[in-house]
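Only a predicted model underlies this, so the values are computations on that prediction, with no experimental measurement involved.
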Amino acid sequence: GARHNNTCSDCSVGRSQHIEGSTDCPLCRAGAYQPEEGQVSCKNCPIGLIADALRTYCYACDAGTFVEDLERCANCTAG
């Protein structure tokens with residue numbers, strides 16, 4: 001977990017920290033998620049899925065869209 005005011009606390013869901021005593025719990029990177037508190041790493045979304053904005057779960061893009069840059073669902077072009 002992260003250290004706040006000299007006390008340790010677990011990182012919240014969607015965040016992780018692998019450096020003991022660190023004061024920061026960064027948001028999971030694009031394409032990754034963490035559904036549990038107090039974790040030292042994030043999990044990669046399965047291929048074809050995207051993480052929600054809070055990085056707590058992965059989901060499939062709607063029909064007619066695709067995963068773009070591991071961060072958003074973009075509309076498919078005609079053709």
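No hydrogens or angles considered: nothing links the side chains of S16 and Q34 as a donor-acceptor pair under 3.5 Å.
Note that CZ of R15 is 10.0 Å distant from CZ of R55, once rounded to the nearest 0.5 Å. In this structure, SG in C25 is found 10.0 Å from CD in E37, a value given to the nearest 0.5 Å. Once rounded to the nearest 0.5 Å, the distance linking SG of C61 with CD1 of I50 reads 5.0 Å. Distance check: E68 CD to C76 SG gives 10.5 Å after rounding to the nearest 0.5 Å. Taken to the nearest 0.5 Å, the CG atom of L49 stands 10.0 Å off from the OH atom of Y59.
Contact between V13 and E36 at its shortest, heavy atoms only, is CG1-C, 3.8 Å. The two atoms that bring P46 and C58 nearest to each other are CD-SG, 4.2 Å, heavy atoms only. Here the closest heavy-atom approach between residue A30 and residue D69 is recorded as CB-O, 4.4 Å. When every heavy atom of V67 is checked against every heavy atom of G48, the shortest pair comes out as CG2-O, 3.7 Å.
No side-chain donor-acceptor contact under 3.5 Å links Q39 to the backbone of S41.
For the pair C28 and Y33, the minimum side-chain heavy-atom distance is 4.5 Å or more.
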